[in-house]
Amino acid sequence: MTVIWILVALFGAVALMVILGERYAKPIDAKQQAKYSKILPILVFAMLFVALIKQVFESGYL
C-alpha cells in the first residue's frame, strides 16, 4: 500500500512540474544554449570522476 502512495505522490509532483513548466518557462536563447553546451560535458565528466573516487574509497579498495 505504501508503494501506491509513493507512486501517486511521484506522479502528482511530475504532473505539477509539467504544468508549471509549460505555463511559466521561457525558451532559452542561442547564446545561453551555446554557453551551456560548452560547460555541460565538463561538469558531467567531473561528476562521474567524483562518483568513481567516492566509490573507490567507500568500498575499501585503497
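Here the structure is a predicted model, which is why all the values come from computation and not from measurement. If you read the sequence from its start, that first residue is 1, and numbering goes on from there.
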With a cutoff of under 4.5 Å between side-chain heavy atoms, which Ile, Leu, Val, Met, Phe, Trp and Tyr residues group with Leu7? Val3
Donor-acceptor contacts, no H, no angles, side chain residues 15-32, under 3.5 Å, sequence neighbours left out:
residue	atom	partner	partner atom	Å
Asp29	OD1	Gln32	N	3.2
Gln32	NE2	Tyr36	OH	3.2

Can you list, pair by pair, the side-chain donor-acceptor contacts under 3.5 Å of residues 37-50, counting residues two or more places apart and other chains?
residue	atom	partner	partner atom	Å
Ser37	OG	Gln33	O	3.4
Ser37	OG	Ala34	O	2.8

The side-chain hydrogen bond (donor to acceptor under 3.5 Å, both in side chains) partners of Glu58 (sequence neighbours excluded) come to none
